[in-house]
Every structure is written in structure tokens, then in C-alpha cells.
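First listed ligand is number 1; within each ligand, the first listed atom is number 1. Basis for what follows: all heavy atoms, side chains included, without hydrogens, waters or symmetry-related copies. The shown structure was predicted, so the numbers you read here are calculated from the model rather than taken from an experiment.
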Amino acid sequence: MKKIEHIGIAVKDLSLANEVYQKLMGYQHYKTEEVASEGVTTSFFKCGESKIELLEGTTEDSAITKFVNKRGEGIHHIAFAVDDIRAEVDRLVNEGFTVLNKEPKRGADNKWVVFLHPKSSHGVLVELCQDVDPAMIES
Ligand SMILES: CC[C@H](C(=O)O)C(=O)SCCNC(=O)CCNC(=O)[C@H](O)C(C)(C)COP(=O)(O)OP(=O)(O)OC[C@H]1O[C@@H](n2cnc3c(N)ncnc32)[C@H](O)[C@@H]1OP(=O)(O)O
Ligand SMILES: [Co+2]
């Protein structure tokens with residue numbers, strides 16, 4: 001794992017949370033982005049080499065909506081940056097971790113992402129992120 005790529009925080013109201021986190025961080029988020037496939041809208045604050053990712057669920061069956069309804073707002077996941085997400089998936093499967101999506105899927109902020117089941121990591125939902133090759137990003 002190269003670094004903590006971001007900490008995901010589930011919130012009920014993204015614009016309200018953006019205002020509070022702007023006060024907390026002392027600067028504005030640098031982007032908001034909807035990830036329809038996940039039923040979320042995200043906003044990102046830089047923090048050193050990592051980020052804070054705020055997430056609001058946009059659909060009833062979104063993982064974020066379910067999380068907030070069941071557990072309230074709060075830290076939702078830890079994302080790690082990796083160089084080779086497929087190699088990491090193979091390594092973690094061999095180590096006995098439960099991978100929720102072996103095929104990387106597109107996440108926010110130009111990433112390929114994979115999630116591990118929280119039961120594999122003592123109750124913490126882990127996300128792996130690999131940068132999408134800039135040449136592959138639609139202009
Ligand atoms: C990809 C876009 C963006 C990005 O960074 O680019 C994102 O980060 S999107 C983030 C939202 N998407 C996901 O989280 C996808 C992966 N998550 C899932 O597949 C589910 O949320 C899953 C499988 C973790 C849980 O779903 P399930 O339907 O099983 O919900 P339950 O409430 O029944 O949970 C089962 C069990 O897991 C515990 N749980 C659930 N969520 C979390 C969590 N975030 N952290 C820790 N533990 C979690 C839950 O409490 C249940 O435990 P139990 O002991 O049985 O009560
Ligand atoms: Co995330």
C-alpha cells in the first residue's frame with residue numbers, strides 16, 4: 001500500500017457537510033463528483049498527500065444511504081493507493097481477504113477501485129485505488 005488515498009465519510013447532506021469541513025480544514029473542497037454506479041455524490045478536500053472524501057447517498061439502495069440509515073453519519077471507509085490493483089487483489093485473495101468486486105470498477109477522482117469486506121479487516125471497510133491511466137481518460 002503506497003499511502004492512505006482518502007478517508008471516506010458518510011454524510012446526510014453534502015452541501016451542509018461541505019460548509020462544516022471547509023471551516024474545519026480552512027479551505028474549500030476541490031471538486032464534487034457524482035458516481036452514479038455507486039449511488040453517491042462525493043466531494044474532496046486535500047489533506048497533505050491524502051484526502052477527505054465526503055459522500056452523500058443519492059439512491060435508496062446506495063451503500064452510503066444504507067450506512068447512514070443504519071449507523072448514522074461518520075467514517076465509512078479507508079482507501080489505500082496501490083500501483084497495481086489487480087496484483088493487490090490477487091495477493092489479498094491469497095491472504096484470505098474477502099474481495100467484494102474482483103474486477104476493478106471506476107470510482108471518483110479518476111480511480112479504479114476495489115472494496116474488501118469489512119469483516120476481513122476487523123470491521124473497517126477498505127477500498128483500494130489505482131490511478132486511471134491519463135491516456136485513458138476521456139477528454
Ligand atoms: C467508488 C466511489 C467512491 C470512491 O472512493 O471512488 C466510494 O468510496 S463509494 C463508497 C460506497 N460504496 C461502497 O461502500 C461499496 C462497498 N460496500 C459494500 O459493498 C457494502 O456497503 C457492504 C458489503 C460493505 C455492506 O453491505 P450490506 O448490504 O452487507 O450492509 P449491512 O448493513 O448488512 O452490513 C453487513 C455487515 O457489515 C457492516 N458494515 C457495513 N458497512 C460497513 C462499513 N462501511 N464499515 C464497517 N462495517 C460495515 C455492518 O455493520 C454489518 O455488520 P454486522 O456485524 O453484521 O452488523
Ligand atoms: Co472512497
Side-chain angles (χ1 to χ4, degrees):
M1 305 298 187
K2 283 172 50 183
K3 68 175 183 178
I4 292 176
E5 209 287 326
H6 63 263
I7 302 282
I9 299 173
V11 299
K12 289 177 185 159
D13 180 322
L14 192 59
S15 47
L16 219 55
N18 272 338
E19 285 173 24
V20 171
Y21 271 76
Q22 178 179 336
K23 289 177 190 157
L24 174 68
M25 306 298 283
Y27 46 84
Q28 288 196 0
H29 60 287
Y30 68 89
K31 78 184 300 188
T32 58
E33 181 179 351
E34 184 183 8
V35 184
S37 58
E38 289 295 316
V40 296
T41 303
T42 63
S43 78
F44 287 94
F45 292 79
K46 285 291 286 168
C47 186
E49 62 171 16
S50 301
K51 306 161 191 170
I52 295 295
E53 176 189 57
L54 302 180
L55 305 111
E56 180 184 340
T58 54
T59 62
E60 277 311 303
D61 61 353
S62 158
I64 294 300
T65 304
K66 287 177 68 178
F67 180 90
V68 169
N69 289 341
K70 182 170 182 183
R71 300 167 65 150
E73 296 183 309
I75 292 178
H76 179 261
H77 60 275
I78 298 178
F80 295 99
V82 295
D83 283 325
D84 183 338
I85 199 164
R86 292 182 184 279
E88 280 300 302
V89 165
D90 292 345
R91 182 180 72 80
L92 291 167
V93 167
N94 289 333
E95 293 280 11
F97 288 84
T98 302
V99 176
L100 292 168
N101 60 299
K102 286 202 174 73
E103 187 60 29
K105 55 186 175 180
R106 283 299 291 267
D109 221 15
N110 296 316
K111 302 287 183 252
W112 292 109
V113 302
V114 163
F115 288 91
L116 310 183
H117 198 286
K119 295 288 185 207
S120 295
S121 31
H122 292 272
V124 175
L125 177 62
V126 169
E127 177 184 1
L128 306 180
C129 299
Q130 178 187 318
D131 291 335
V132 172
D133 177 351
M136 285 178 61
I137 296 170
E138 299 87 63
S139 49

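Using a 4.0 Å cut-off between heavy atoms, Leu55 contacts ligand 1 through its side chain alone, with no backbone atom that close. In Ala108, the parts holding a heavy atom less than 4.0 Å from any atom of ligand 1 are both the side chain and the backbone. With a heavy-atom cut-off of 4.0 Å, Lys111 does not touch ligand 1 at all.
Atoms of ligand 1 found under 4.0 Å from any heavy atom of His6, numbered from 1 in the order shown, are 5 (O). Applying the 4.0 Å criterion to heavy atoms of Lys66 picks out, from ligand 1, the atoms 28 (O). Below 4.0 Å from some heavy atom of His76 lie the following atoms of ligand 1, by number and element: 11 (C), 14 (O), 43 (C), 44 (N), 45 (N). Contact atoms of ligand 1 toward Gly107: 1 (C), 6 (O) (distance under 4.0 Å to a heavy atom of the residue).
When distances from atom 7 (C) of ligand 1 to the protein are checked, a heavy atom turns up under 4.0 Å. Within the 4.0 angstrom cut-off, atom 46 (C) of ligand 1 has one or more protein heavy-atom neighbours. Contact annotation for atom 29 (O) of ligand 1: protein absent (non-hydrogen atoms, distance under 4.0 Å). Checking atom 24 (C) of ligand 1 against the protein gives a heavy-atom contact under 4.0 Å.
Summary of contacts: the protein heavy atom closest to atom 32 (O) of ligand 1 is Lys70 NZ, 3.1 Å. Nearest protein heavy-atom neighbour of atom 21 (O) of ligand 1: Ala63 CB, 3.5 Å. Summary of contacts: the protein heavy atom closest to atom 12 (N) of ligand 1 is Glu38 OE1, 2.8 Å.
Two residues are said to be in side-chain contact when any heavy atoms from C-beta on lie closer than 4.5 Å; Glu34 and Val40 fail this criterion. Looking at heavy atoms from C-beta onward, Tyr21 lies in side-chain contact with Ile9 at the 4.5 angstrom threshold. Counting heavy atoms from C-beta outward, Pro118 and Val124 have side chains that stay 4.5 Å or more apart.
Salt-bridge formation is not detected for the pair Glu53/Lys31: no Lys NZ or Arg NE/NH1/NH2 atom is positioned less than 4.0 Å from an Asp or Glu carboxylate oxygen.
Taking 4.0 Å as the cut-off, His77 counts as a neighbour of ligand 1 on heavy-atom distance. Judged by the shortest distance from any of its heavy atoms, Ala79 lies outside the 4.0 Å radius around the atoms of ligand 1. A heavy-atom separation below 4.0 Å is not found between Thr42 and ligand 1.
Of all protein N/O/S atoms, those lying under 2.8 Å from the Co ion (ligand 2) come to 4.
In plain terms, the two heavy atoms of Ile85 and Leu128 that are nearest each other are CD1-O, 3.5 Å. Shortest non-hydrogen contact noted between Val11 and Glu73 is CA-OE2, 3.3 Å. In this structure, Gly57 and Ile64 approach most closely via the heavy-atom pair N-CG2, 3.5 Å. For the pair Phe80 and Val126, the tightest heavy-atom approach, listed with the atom from each and the gap, is CD1-CG1, 3.8 Å.
Applying the salt bridge (charged side-chain N to carboxylate O under 4.0 Å, His left out) test to Glu5 and every residue at least two apart in sequence or in another chain returns Lys51, Lys111. The salt bridge (charged side-chain N to carboxylate O under 4.0 Å, His left out) check on Lys2 picks up Asp83, with sequence neighbours excluded.
In this structure, His29 has its ring center no closer than 6.0 Å to that of Phe44.
Residue pairs meeting the salt bridge (charged side-chain N to carboxylate O under 4.0 Å, His left out) criterion with at least one member in residues 91-101, sequence neighbours excluded: Glu88-Arg91.
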